[in-house]
> 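Have a look at this one.
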Amino acid sequence: MRLVFADCSVDYMGRLSAHLPRATRLLVVKNDGSVLIHSDGGSYKPLNWMSPPARLHIADRDEIDSTSLADELDSDVCELWTVQAAKTDDRLVIRVFEKINEMSHDLGIDPGLIKDGVEADLQRLLSDQIELLGAGYRMVRREYPTAIGPVDILAKDASGVSVAVELKRVGDIDGVEQLTRYLELLNRDPLLAPVQGVFAAQRIKPQARTLAEDRGIRCVSLDYDAMRGVDDVESRLF
């Protein structure tokens, strides 16, 4: 992983356009080909990013001056980073005005996230009982990989629309933010988009439900005991 602290501006071009004006930011280049731009706020969420597969080309000042790019760029741009998506026309362009600090380190193979027992069981049980989300739902994959972490479950609804499911024992605002981040990334993939979201938990806090519904994310409450078959729902008095 390569970390570069730089004075830079960023432009994203493709199915959507976005601009980050010049400021000091952290540029993260991962070994899987992803590039992420972070500020000193916003918690874990990057300001913008390019997910893999992608190709990064860095032009230094000598290369810039030897091409027509010199007429388009300010003279104080020391490097031009171009991150081109492999499967689409999406492109991330980073103008680096000054490198403040830089480091690289090989993190090795990560063993992955180990969920607590209940969340792991919920994921396994829901993947086997995916129809709890609605008639006609079908599984695509558990732990669907993305550049920013695995989505608990990726499924298709009865209409064939992709659905990303985030599972929690207790659903709070952080879980909704996490799912929102996954949806923003997945909806950049033309093979998946549009992707809808389902926030599923044993108990969902009111603030989390309000935030999820405001973002168009459906909330589903799960009965853990009933899913495990240890609770006879038909025998309940209430």
Side-chain angles (χ1 to χ4, degrees), residues 1-60 64 67-100 102 144-151 154 161-162 164 166 173-197 211-212 214-217:
M1 180 180 291
R2 181 183 178 193
L3 305 178
V4 179
F5 295 90
D7 177 13
C8 64
S9 66
V10 183
D11 289 280
Y12 194 100
M13 294 159 282
R15 287 170 295 136
L16 56 85
S17 297
H19 174 69
L20 294 171
R22 183 173 175 176
T24 301
R25 300 185 178 93
L26 168 63
L27 309 178
V28 179
V29 182
K30 294 188 177 181
N31 201 38
D32 63 3
S34 57
V35 177
L36 303 93
I37 299 96
H38 284 273
S39 67
D40 203 15
S43 186
Y44 54 80
K45 186 176 180 181
L47 297 170
N48 214 323
W49 68 91
M50 178 67 76
S51 55
R55 183 179 67 257
L56 169 63
H57 175 74
I58 300 178
D60 60 18
I64 293 171
T67 67
S68 59
L69 292 173
D71 298 329
E72 303 174 16
L73 299 176
D74 294 337
S75 59
D76 53 349
V77 173
C78 65
E79 286 187 352
L80 181 67
W81 294 26
T82 303
V83 191
Q84 178 65 55
K87 296 182 178 180
T88 68
D89 292 331
D90 291 68
R91 188 166 74 255
L92 190 67
V93 177
I94 305 171
R95 292 171 173 83
V96 176
F97 299 94
E98 179 189 2
K99 283 186 180 180
I100 300 167
E102 181 176 357
Y144 185 85
T146 77
I148 52 176
V151 177
L154 186 68
V161 174
S162 299
E166 180 64 26
I173 287 178
D174 285 345
V176 177
E177 293 287 1
Q178 183 179 3
L179 179 54
T180 300
R181 181 172 53 126
Y182 288 142
L183 291 171
E184 289 178 353
L185 179 61
L186 293 172
N187 272 301
R188 290 183 178 181
D189 188 339
L191 299 178
L192 294 176
V195 183
Q196 298 179 351
L211 179 62
D214 181 67
R215 294 181 176 180
I217 296 171

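The chain is numbered in sequence order, starting from 1.
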> Residues in side chain to side chain donor-acceptor pair (under 3.5 Å) with Ser162, at least two apart?
Lys156

> Using a 4.5 Å cut-off on heavy atoms from C-beta on, say whether the side chain of Glu98 contacts that of Cys78.
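Cys78 vs Glu98: side chains apart.
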
> Please confirm whether the backbone N or O of Val195 pairs with a side-chain atom of Asn187, one donor and one acceptor, at under 3.5 Å?
yes

> For a quick test of your reading: what N or O donor-acceptor pairs under 3.5 Å do the side chains of residues 21-29 make, sequence neighbours left out?
{"from": "Arg22", "atom 1": "NE", "to": "Asp7", "atom 2": "OD1", "distance (Å)": "3.3"}
{"from": "Arg22", "atom 1": "NE", "to": "Asp7", "atom 2": "OD2", "distance (Å)": "2.9"}
{"from": "Arg22", "atom 1": "NH1", "to": "Asp76", "atom 2": "OD2", "distance (Å)": "3.2"}
{"from": "Arg22", "atom 1": "NH2", "to": "Asp7", "atom 2": "OD2", "distance (Å)": "2.9"}
{"from": "Arg25", "atom 1": "NH1", "to": "Cys8", "atom 2": "O", "distance (Å)": "2.9"}
{"from": "Arg25", "atom 1": "NH1", "to": "Pro21", "atom 2": "O", "distance (Å)": "2.9"}
{"from": "Arg25", "atom 1": "NH2", "to": "Pro21", "atom 2": "O", "distance (Å)": "2.6"}

> Please tabulate, one pair per line, all N/O donor-acceptor pairs under 3.5 Å involving side-chain atoms of residues 89-97, not counting sequence neighbours.
{"from": "Asp90", "atom 1": "OD1", "to": "Thr88", "atom 2": "OG1", "distance (Å)": "2.8"}
{"from": "Asp90", "atom 1": "OD2", "to": "Tyr12", "atom 2": "OH", "distance (Å)": "3.1"}
{"from": "Arg95", "atom 1": "NH1", "to": "Asp11", "atom 2": "OD2", "distance (Å)": "3.0"}

> Residues two or more places apart in sequence or in another chain: which of them pass side chain to side chain donor-acceptor pair (under 3.5 Å) with Ser9?
none

> Identify the two heavy atoms, one from Ala164 and one from Leu179, that lie closest to each other, and give their separation to 0.1 Å.
O-CD1, 3.9 Å

> Can you tell me how far the CD atom of Gln178 sits from the CD1 atom of Ile148, to the nearest 0.5 Å?
8.5 Å

> Give me the atom names and distance for the closest heavy-atom approach of Ala147 to Ser34.
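Heavy-atom minimum between the residues: CB-CB, 3.9 Å.
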
> Taking side chain to side chain donor-acceptor pair (under 3.5 Å) as the definition, give me every residue that meets it alongside Glu177, ordered by chain and number, with sequence neighbours left out.
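Partners of Glu177 by the side chain to side chain donor-acceptor pair (under 3.5 Å) criterion, ordered by chain and then number, come out as Arg215.
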
> Within this structure, what is the CD-OG1 distance for the pair Gln84 and Thr82, rounded to the nearest 0.5 Å?
8.5 Å

> In Å and rounded to the nearest 0.5 Å, what is the CD1 to CG distance from Ile64 to Asp74?
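Here the interatomic distance stands at 10.5 Å.
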
> Can you tell me how far the NE2 atom of His57 sits from the CD atom of Glu79, to the nearest 0.5 Å?
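The CD atom of Glu79 is 10.0 Å from NE2 of His57, to the nearest 0.5 Å.
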
> Rounded to the nearest 0.5 Å, what separates atom CD in Glu102 from atom CZ in Phe5?
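The CZ atom of Phe5 is 10.5 Å from CD of Glu102, to the nearest 0.5 Å.
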
> Between OG1 of Thr146 and CG of Leu186, what distance do you get to the nearest 0.5 Å?
6.5 Å

> Which pairs with one or both residues in residues 31-55 pass salt bridge (Lys or Arg N to Asp or Glu O under 4.0 Å), sequence neighbours excluded?
Lys45-Glu184

> Show the nearest heavy-atom pair for residues Glu166 and Gly175, with the distance to one decimal.
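Taking every non-hydrogen atom into account, CG-O, 4.1 Å.
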
> How about Lys87: does its NZ atom have over 12 heavy atoms from other parts shown lying under 6.0 Å from it?
no

